[in-house]
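Each remark here refers to the structure printed beneath this line.
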Amino acid sequence: MLKVDMEYEKGILYVRLKGILDRKVCYKINNYVVPVILKHKIKYLVFNLYDLESIDESGMDALLNAKCAIRSNKGKICLCEVSDFLREKMKRLRMKVASNELAAYHLITI
C-alpha cells in the first residue's frame with residue numbers, strides 16, 4: 001500500500017510517499033503525479049521519502065518517469081529524507097539528495 005500526498009507551494013511540488021513503492025502501486029506515480037507535472041508545467045519537484053518503507057525496480061522506474069517529466073519542463077528534482085537503507089538503491093537514480101524539505105528547496109532553487 002502506498003499513500004501519496006502532494007502539496008504545491010512556492011513553485012515547488014512536494015510529493016510525500018508513505019508505505020511501499022512497488023510494481024503493484026507504481027501506477028500512482030505514473031498516473032497521478034506525472035500528469036500533474038506535465039499539465040501544470042511544474043519545474044521543481046521534491047520527493048520526501050521519510051515514510052517510504054521499501055522500493056523495488058518498478059518503483060525506481062516510476063521515480064525516473066517523474067524525473068523525465070520534470071526535465072521536459074527544464075526543471076529540477078530532488079529527493080529528501082532518504083533513509084540509510086534506501087540510500088544505496090537511490091544512487092542509481094542520479095538525483096540530488098537533501099536532508100529535509102527546506103534543504104531541498106534551497107538545493108533546487110539555486
Side-chain angles (χ1 to χ4, degrees):
M1 190 68 181
L2 180 74
K3 182 176 181 231
V4 179
D5 176 41
M6 289 191 281
E7 178 183 353
Y8 186 74
E9 186 177 326
K10 296 182 182 176
I12 300 175
L13 180 64
Y14 294 93
V15 179
R16 297 173 189 99
L17 303 178
K18 182 175 185 167
I20 299 170
L21 180 53
D22 61 11
R23 187 175 58 84
K24 291 179 262 180
V25 295
C26 65
Y27 71 89
K28 290 185 177 186
I29 303 292
N30 294 327
N31 295 350
Y32 303 135
V33 178
V34 172
V36 166
I37 292 167
L38 296 173
K39 179 180 178 184
H40 299 287
K41 299 192 180 349
I42 291 171
K43 292 182 70 170
Y44 302 111
L45 174 65
V46 173
F47 275 111
N48 185 323
L49 307 181
Y50 179 77
D51 288 322
L52 192 66
E53 296 168 22
S54 71
I55 187 169
D56 68 1
E57 288 300 314
S58 298
M60 302 272 268
D61 289 341
L63 294 181
L64 285 173
N65 288 341
K67 180 180 179 180
C68 288
I70 289 294
R71 283 251 171 102
S72 73
N73 293 337
K74 297 177 176 50
K76 295 179 185 176
I77 187 169
C78 186
L79 305 174
C80 75
E81 302 200 43
V82 181
S83 62
D84 291 337
F85 73 94
L86 290 177
R87 193 171 296 272
E88 196 59 39
K89 276 186 173 183
M90 296 296 170
K91 283 185 179 177
R92 136 174 137 71
L93 297 176
R94 299 178 69 198
M95 293 183 197
K96 293 179 180 180
V97 177
S99 57
N100 57 43
E101 289 182 359
L102 182 61
Y105 171 81
H106 290 295
L107 195 62
I108 64 176
T109 56
I110 293 175

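Computation of the quantities below employed the complete heavy-atom set of this structure, encompassing side-chain atoms and omitting hydrogens, waters and symmetry-equivalent molecules. All figures in this text were calculated on a predicted structure; none of them were measured in a lab.
By the criterion of side-chain heavy atoms lying less than 4.5 angstrom apart, applied directly or through intervening Ile, Leu, Val, Met, Phe, Trp or Tyr residues, Leu49 is not grouped with Tyr14; the two fall into different hydrophobic clusters. Note: the hydrophobic cluster containing Tyr105 does not contain Val82 (ILVMFWY, side chain heavy atoms under 4.5 Å, direct or indirect links). Both Leu17 and Met6 are assigned to one and the same hydrophobic cluster, defined by single-linkage of ILVMFWY side chains at heavy-atom distances under 4.5 Å.
Ala62 and Ile29 get closest at one heavy-atom pair: O-CG2, 3.5 Å. The heavy-atom pair separating Met90 from Leu52 by the smallest distance is CE-CD2, 4.4 Å.
At distances below 3.5 Å, at least one donor-acceptor pair connects side-chain atoms of Lys67 with backbone N or O atoms of Arg94.
Two residues are said to be in side-chain contact when any heavy atoms from C-beta on lie closer than 4.5 Å; Asp51 and Arg16 fail this criterion.
Between Glu57 and Arg92 a salt bridge is recorded (basic side-chain N to carboxylate O distance below 4.0 Å).
Looking at residues two or more places apart in sequence or on another chain, you find a side chain to side chain contact (heavy atoms under 4.5 Å, CB included) between Ala104 and Val46, Cys78, Cys80, Ala98. Remark: Asn30 engages Asn65 in a side-chain hydrogen bond (donor to acceptor under 3.5 Å, both in side chains) (not counting sequence neighbours).
With values rounded to the nearest 0.5 angstrom, Glu53 atom CD is found 12.5 Å from Ile55 atom CD1. Taking CD1 of Ile20 as the start and CE of Met1 as the end, the distance is 11.0 Å to the nearest 0.5 Å. Rounded to the nearest 0.5 Å, atoms NZ (Lys3) and NZ (Lys28) are 10.0 Å apart.
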Pair Ile12-Thr109, side chain to side chain contact (heavy atoms under 4.5 Å, CB included): steps then yes or no | CA-CA 9 Å; Ile12 300 175; Thr109 56; 4.0 Å; yes
Give every donor-acceptor pair under 3.5 Å between a side-chain atom in residues 33-45 and any protein atom, sequence neighbours left out.
none

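Each of Val97, Ile77, Leu93 was compared with Phe47 under the side-chain contact (heavy atoms from CB on, under 4.5 Å) criterion, and only Ile77 meets it.
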